[in-house]
Structure formats: C-alpha cells, structure tokens
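Everything on this sheet refers to the single structure shown next.
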Amino acid sequence: MLMQNNHVFENVEKIGEAIGAGQSLSSLFLRSAAETVAAGKVICWEGDKAQHLFQVEEGVVRLHRIIGEGRRVITAFHFAGDLIGASLQNDFIFTAEAVTECKIRRMSRKNFHEEVARSEALGPAYISLLCQEAAAAHEQMVLLSKKNAEERLCSFIVKLASRRAPLSRQGLVRVPMNRQDIADHLGLTIETVSRTITKLASRNIVIPEGRHDLRIVNLARLIQLSGDADDFSDDSCHRVKLH
C-alpha cells in the first residue's frame with residue numbers, strides 16, 4: 001500500500017542534491033513513495049512490459065521463471081538496496097515476488113535512463129551494475145552445471161552469510177526463504193536440500209536453529225565444501241566472520 005506523500009518527500013532539496021551529485025543509482029528512487037508488498041505478492045510478471053525498475057528497501061524478493069510443465073526456477077534473490085529490472089530487455093524475463101513483507105520503490109524506465117544519461121557519475125555506476133548482474137548469472141550457471149548438491153548448498157549459505165554479515169549470536173544467519181525456494185534456486189529437490197542440511201549438521205558444520213536460522217559452526221570447512229575456497233581470501237572473508 002502506498003505511503004502518504006508527506007511522509008515520503010521529507011528533505012526534497014537534499015534528495016535532489018544527492019541525485020544531482022550522482023551519489024548512487026539508489027538515490028534516484030528516493031523521489032518515489034515506498035510501497036509495502038505482502039509476502040507472496042507479485043511485484044511484476046514475466047512477459048510484462050518493463051516500464052519500471054524497482055529498488056528493494058526492506059525485505060527479500062525472489063525472481064523466478066516457469067519452464068517446461070510448470071516447473072519453477074528461481075534465478076535470484078534480492079535484498080535491501082538491490083535494484084530489480086536494470087537489464088535492457090523490453091519485457092520482464094522473470095516474475096518478481098516478495099519472499100517476506102517488503103518495502104519497494106519504483107521508477108519509470110524512461111526517467112531512470114534519462115537521469116543516468118544526464119550524470120557523468122551514474123553512467124559508470126549503471127555499467128557496473130549490469131556487469132555485476134552478468135557475473136551473477138555466470139556464477140549461477142557454473143553452480144547449476146558443475147557443482148554437486150553439497151557444493152551448491154554450501155555456496156548458497158556462504159553467499160547468504162556474506163550478504164547479511166556480520167553474523168549474530170556466534171554464527172547465526174537468517175534464512176528468510178523456505179527450503180522449497182532454496183531447492184528451486186539450486187536445481188535440487190526439497191528432499192535433497194533437507195538431507196544435505198542434515199548431513200552438514202551431523203558433521204558439525206552448519207546446524208539448523210528453528211525454521212529460518214542456520215548456525216555456521218565451521219566457516220572454513222563450509223567455504224571449502226562450497227568449491228569456491230579460492231574466491232575467499234583473507235581480505236574478503238571479513239564479510240562472513242562469525243564473531
């Protein structure tokens with residue numbers, strides 16, 4: 001539900017200055033009212049005209065496609081601060097759906113590209129975003145085509161922890177999506193996801209705590225099992241420190 005404008009447009013002059021200075025792509029969305037999207041509700045549909053871009057302000061959004069005989073493939077999860085719909089396609093190639101209750105801001109594609117074209121700072125930022133999306137798509141392709149079930153799940157947990165670090169309560173990481181979501185993202189069955197988590201818990205690497213929390217007991221071993229140990233140097237591992 002759309003928030004009242006008088007709550008959204010506070011300090012309009014400062015917002016305009018931030019946009020004019022090209023501080024970030026996210027600053028472009030500050031002129032738009034925040035909308036609350038209930039868990040399970042769709043933000044945009046696959047095949048619709050891509051008339052808007054969206055910024056996630058709070059919550060988690062899943063992007064998915066339907067293939068074959070109604071099979072769902074989750075291509076990505078987006079978190080607070082992420083932009084959705086930045087690619088150049090005229091139609092959305094995914095359905096975006098709220099995993100949790102979300103707050104989002106939307107901006108017309110036309111206005112977005114006009115603002116980017118006018119700013120020397122935002123042009124490179126936009127190119128960088130497109131490169132990041134391409135790299136993420138390549139990473140997902142490698143994960144699905146080359147990694148086994150354990151490597152896929154460990155990669156997913158490490159990536160989730162790195163996004164939401166520093167971890168609280170001695171390695172506790174929040175997992176807002178359910179196991180079916182995880183399975184559809186990793187190209188596995190829900191039974192395989194559950195079985196693999198049980199296996200990791202028996203080896204005292206990752207232990208489930210409640211429905212939506214995992215406690216990482218042995219981060220080094222988890223990274224090793226992900227098959228991406230070389231991608232986590234001493235400089236980058238600070239993002240997933242447990243204490």
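Only this structure's heavy atoms are used, side chains among them; waters, hydrogens and symmetry mates stay out.
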Checking Glu69 now: which residues fulfil side chain to side chain donor-acceptor pair (under 3.5 Å) with it, not counting sequence neighbours?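 None.
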
Glu58: side chain to side chain donor-acceptor pair (under 3.5 Å) partners, not counting sequence neighbours: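 Not a single residue meets the side chain to side chain donor-acceptor pair (under 3.5 Å) criterion with Glu58.
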
What residues, two or more places apart in sequence or in another chain, satisfy salt bridge (charged side-chain N to carboxylate O under 4.0 Å, His left out) together with [X]?
X: Asp82; value: Arg163
X: Asp48; value: none
X: Arg195; value: none
X: Lys41; value: none

Can you sort out the partners of [X] under side chain to side chain contact (heavy atoms under 4.5 Å, CB included), two or more places apart, ordered by chain and number?
X: Glu120; result: none
X: Ser128; result: Gln132
X: Ala136; result: none

I need the full list of ring-ring contact (aromatic ring centres under 6.0 Å, His included) pairs touching residues 104-155, with sequence neighbours left out, sorted by first then second residue.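 Non-adjacent pairs meeting ring-ring contact (aromatic ring centres under 6.0 Å, His included): Phe112-Tyr126, His113-Tyr126.
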
Met141 backbone acceptor or donor facing Ser145 side chain under 3.5 Å: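 Side chain of Ser145 to backbone of Met141, a donor-acceptor pair under 3.5 Å: yes, one is there.
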
Salt bridge [X]-[Y], side-chain N to carboxylate O under 4.0 Å:
X: Lys199; Y: Glu150; answer: yes
X: Glu191; Y: Arg179; answer: no
X: Glu57; Y: Arg105; answer: yes

Assess the residue pair Ser26 and Gln55 against the criterion (side chain to side chain donor-acceptor pair (under 3.5 Å)); give the C-alpha distance rounded to whole Å, side-chain angles, the decisive distance to 0.1 Å, and a yes or no. CA-CA 7 Å; Ser26 295; Gln55 181 192 39; 3.0 Å; yes

If you group Ile, Leu, Val, Met, Phe, Trp and Tyr whenever their side-chain heavy atoms sit less than 4.5 Å apart, what else falls in with Val73?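 Val73 shares its hydrophobic cluster with Ile67.
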
Remaining members of hydrophobic cluster (4.5 Å side-chain criterion), Trp45: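 Via sub-4.5 Å side-chain contacts, Trp45 links to Val42.
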
